[in-house]
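Predicted model, so just to flag it, every value in this text is computed and none were measured.
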Amino acid sequence: MTTLRAVKGMNDVLPEALPRWRRVEAAFRAITARHGYAEVRTPIVEPTQLFIRSIGEATDIVEKEMYTFVDKGDDMLTLRPEGTASAVRAYIEHAVHGREPISKWSYLGPMFRRERPARGRYRQFWQAGVECFGDGGPFVDAEMIDMVVTLLGELGVQDLEVLVNSLGSGDTRDRYREALTAHLAPHRDRLSEDSQRRLASNPLRILDSKSPADQELCAGAPDLVDFLGPEDRAHFEGLQGALRALGTPFRVAPRLVRGLDYYSRTLFEVQGRGGELGAQNTLCGGGRYDGLVRTLGGPDVPSIGFAMGIERILLLTGGADTAPTVDVAVAVADASLREEALVLLRDLRAAGLVADGDLRGGSLKSQLRRAADKLGARAVLVLGPAESERGVVQLKDLAAHSQSEIPRAEVVLRVQALVRESK
RNA sequence: GUGGCCGUAGCUCAGUCGGUAGAGCAUCGGAUUGUGGCUCCGAGUGUCGCGGGUUCGAUCCCCGUCGGUCACCCCA
C-alpha cells in the first residue's frame with residue numbers, strides 16, 4: 001500500500017517496448033528531415049501565462065487540464081499541455097524571423113494534461129509535431145497534411161481519414177459565432193446540458209457534440225464556409241486543389257472545430273479507424289495560426305503546424321516487443337575464470353562487438369541457456385580451466401551447432417568474421 | 001469531471017454456493033562429474049489492489065479508496 005507508483009495517467013516505457021517507439025520516432029524524424037524541418041527543443045515548463053494567452057482562457061485545456069504550480073521564486077509555471085505555444089515563444093524570443101523568411105521546426109516530447117485517463121489518452125503523453133513559420137499560402141498546408149498521411153502510411157497505418165475545414169480569419173469566426181448562437185439560442189432548452197453551458201462559453205464546440213439532439217439542432221445551423229471572406233475562401237480552395245493535385249484523400253468537415261483558440265483558416269485532423277483506438281481516434285491534429293506570433297508579441301508571421309500522438313499511433317502500429325540481442329556471449333566453466341572473461345568481454349566490445357555474459361558464477365548450462373534464449377547470441381565463447389592453460393577458448397556457433405577451439409589471440413577476429421557472415 | 005465494468009502468483013487466467021487458493025507461461029535447479037534451443041523431473045513465490053463493515057470466520061457479501069477500462073466530456 002505504501003509502495004510508490006507512477007503518477008496516475010503517466011506511464012513507464014520499459015526497454016522491451018522501446019524499439020516500437022523508436023521506429024515511430026525514426027520515421028517521424030526521417031520524413032520531417034526530408035521536408036526540411038529541423039528539430040527544436042524547448043523547456044517542458046513554461047510561464048503559465050504563455051498558455052493562457054495562446055491556447056485561450058476559455059478552452060478546456062486552460063480551464064481545467066493544466067498542471068500549474070508556483071515555484072519557490074513565486075513564479076507561476078505550467079507543464080506544457082502542447083507544443084506550439086513554446087515553439088512560438090522561442091521563435092519570438094530569438095528573433096528568428098529576422099534571420100530567415102521561413103522557419104521549419106519539428107519537435108518530439110512529452111506533454112501534460114490532467115484529464116481522465118483512458119486508452120490512448122494519458123496525462124503525460126508524447127507528441128511529435130512541426131511548425132512552419134513564414135509561409136501563409138495554402139500549399140504548405142497541403143504539403144503538411146500530405147506529409148502526415150505519408151508518414152502514417154510508412155508506419156503501416158492505412159485506414160485513416162483526413163478532415164479539413166477552414167475557420168476563416170479576422171472576425172469571420174466572431175461573426176459566425178454570433179450567427180450560430182442566434183440560431184441555437186431559441187432552442188436552448190433542447191440542447192444537452194454540456195451544450196447549454198457551451199452556448200455562452202464556446203458555441204462552436206456544440207457543432208461536434210455527439211449528442212443526437214445537439215446534432216439535430218445543428219443540422220439547420222448556418223455553415224461556417226458561408227462566412228468566409230474572399231481571401232479565406234481562396235485559401236481554402238487552394239488547399240483543396242493542392243491536396244487533389246497530390247492525390248491525398250480528404251474530406252471537408254464543416255463541423256470540424258478544434259479546442260484551441262489560436263487557429264485561423266486551415267484546420268485539419270487525421271483520424272484512425274482501428275478498433276484498438278477506442279474513442280480517442282484522433283491521431284493527429286493541426287492547423288494554421290496566422291495571428292498567434294503577433295498575439296504573443298512577435299511580428300505578423302503566418303504559421304501552421306500539427307502534432308500527432310505517439311501513443312495512439314503505437315496502438316495501431318502494433319508489433320511485438322523485442323529484446324535486444326548480442327553478437328557474442330562469454331561463458332565460464334569455472335568461477336575462477338571470471339576475471340579472464342571480464343577482460344575478454346572488454347576486448348570484444350572494444351572491437352565494436354555487442355558482447356555480454358553472465359558473470360554471476362552460475363552453472364555453465366544456465367549461462368548457455370541465457371546466451372541462446374535470452375541474449376539471442378550468435379556465438380558463445382566458453383572459457384575453461386584446461387583451455388585457459390593452453391591459451392585457447394571454445395568458440396561455439398549457436399546457429400550451426402558447431403564448436404571449435406581457437407587461440408585466445410585470434411578470438412576477436414574470429415568472432416568478427418562469424419558475426420559479419422551471419423549479418 | 002460524470003456514469004458503467006473490472007482488480008487472484010512476474011504474465012494470462014481458473015476457483016472458493018463465505019471456512020485464508022490453483023493451472024499454463026515465465027524463472028530457477030536437475031536428467032554420467034564443463035555445454036543452449038526439444039523432452040522429462042523438481043522448486044519457489046501470492047498480506048486474492050488497499051482500508052473499513054457484516055459474520056464464529058471473507059479472497060468471495062456491503063461501503064469507501066486506489067488503479068485499470070468503456071462511454072460521455074475533451075483531445076494527441
Side-chain angles (χ1 to χ4, degrees), chain A residues 1-3 5-11 14 16 55 59-65 81-84 108-129 148 192-195 197-198 202 205-206 208-212 214 256-260 269-272 275 277-286 306-315 321 329 331-337 358 360 362-388 394-403:
Chain A
M1 182 54 192
T2 50
T3 52
R5 323 178 27 117
V7 173
K8 176 175 177 150
M10 304 201 183
N11 305 116
L14 295 179
E16 55 266 34
I55 297 169
T59 58
D60 281 10
I61 292 178
V62 169
E63 262 180 7
K64 49 199 186 196
E65 297 175 359
E82 57 105 42
T84 298
L108 174 62
M111 306 295 163
F112 304 83
R113 291 183 203 171
R114 199 179 183 294
E115 299 178 86
R116 177 118 165 200
R119 168 172 285 249
R121 185 174 64 193
Y122 308 101
R123 290 181 172 182
Q124 174 177 329
F125 60 101
W126 286 65
Q127 280 190 339
V148 174
S192 68
E193 205 176 308
D194 283 320
S195 289
R197 185 174 44 74
R198 283 186 292 222
N202 200 345
R205 297 229 57 88
I206 300 175
D208 57 8
S209 165
K210 282 172 192 161
S211 148
D214 292 353
L256 177 65
V257 175
R258 301 188 56 74
L260 292 77
E269 189 167 301
V270 179
Q271 297 182 346
L277 279 176
Q280 281 67 49
N281 66 344
T282 301
L283 299 176
C284 165
F306 77 82
M308 56 184 219
I310 308 277
E311 286 91 342
R312 290 187 187 175
I313 287 163
L314 251 13
L315 286 173
D321 289 349
V332 292
D334 188 277
S336 66
L337 294 161
D358 182 350
R360 289 176 304 179
S363 71
L364 181 56
K365 187 194 198 85
S366 67
Q367 292 178 60
L368 285 170
R369 185 166 16 213
R370 183 175 145 83
D373 301 349
K374 180 103 190 198
L375 302 178
R378 171 61 209 261
V380 181
L381 291 163
V382 182
L383 310 189
E387 288 87 342
S388 178
Q394 298 290 342
L395 171 59
K396 190 174 175 63
D397 183 332
L398 287 170
H401 307 275
S402 62
Q403 182 168 326

Within less than 4.0 Å of OP1 or OP2 of [N], is there a side-chain N or O belonging to [X]?
{"X": "A/Lys396", "N": "B/U35", "value": "no"}
{"X": "A/Ser363", "N": "B/G34", "value": "no"}
{"X": "A/Arg119", "N": "B/C70", "value": "yes"}

I'd like the [atom1] distance from [M] over to [N], given in whole Å.
{"N": "B/G68", "M": "B/G46", "atom1": "P", "result": "26 Å"}
{"N": "B/U27", "M": "B/C11", "atom1": "C1'", "result": "12 Å"}
{"N": "B/A43", "M": "B/C48", "atom1": "C1'", "result": "22 Å"}
{"N": "B/U47", "M": "B/U8", "atom1": "P", "result": "11 Å"}
{"N": "B/C17", "M": "B/G36", "atom1": "C1'", "result": "50 Å"}
{"N": "B/A31", "M": "B/U45", "atom1": "P", "result": "24 Å"}
{"N": "B/G29", "M": "B/G51", "atom1": "P", "result": "35 Å"}
{"N": "B/U2", "M": "B/C60", "atom1": "C1'", "result": "30 Å"}

Consecutive-pair stems (at least three Watson-Crick or G-U pairs, under 3.5 Å) that include RNA chain B: B:1-7 with B:66-72, B:10-13 with B:22-25, B:27-31 with B:39-43, B:49-53 with B:61-65
Touch class at under 4.0 angstrom, heavy-atom based, for A/Leu283 against every strand present: sugar-phosphate
[X] (side chain) and [N] (base): donor-acceptor pair under 3.5 Å:
{"X": "A/Gln403", "N": "B/U35", "answer": "yes"}
{"X": "A/Arg116", "N": "B/C72", "answer": "no"}
{"X": "A/Glu387", "N": "B/G34", "answer": "yes"}
{"X": "A/Arg370", "N": "B/C28", "answer": "no"}

5' precedence on RNA chain B between A/Leu368 and A/Glu65 (nearest-nucleotide basis): A/Leu368
Upstream residue (5' side of RNA chain B) when A/Ala372 and A/Gln271 are each assigned their closest nucleotide: A/Ala372
Shortest non-hydrogen contact from A/Pro110 toward A/Gln124: CB-NE2, 3.5 Å
Side chains of A/Arg312 and A/Phe125 in contact at under 4.5 Å (non-hydrogen atoms): no
Within-4.5 Å side-chain heavy-atom neighbours: A/Ile55 and A/Pro81: yes
Nearest-neighbour nucleotide for the A/Gln394 side chain, B/U35, B/U69, B/G29 considered: B/U35
Integer-rounded Å distance: B/U35 P and A/Asp334 CG: 13 Å
A/Asn281 CG - B/C72 P separation (whole Å): 10 Å
Residues that A/Glu82 engages under side chain to side chain donor-acceptor pair (under 3.5 Å), provided they are two or more places apart: A/Tyr262
Test side chain to side chain donor-acceptor pair (under 3.5 Å) applied to A/Asp373 - qualifying residues, sequence neighbours left out: none
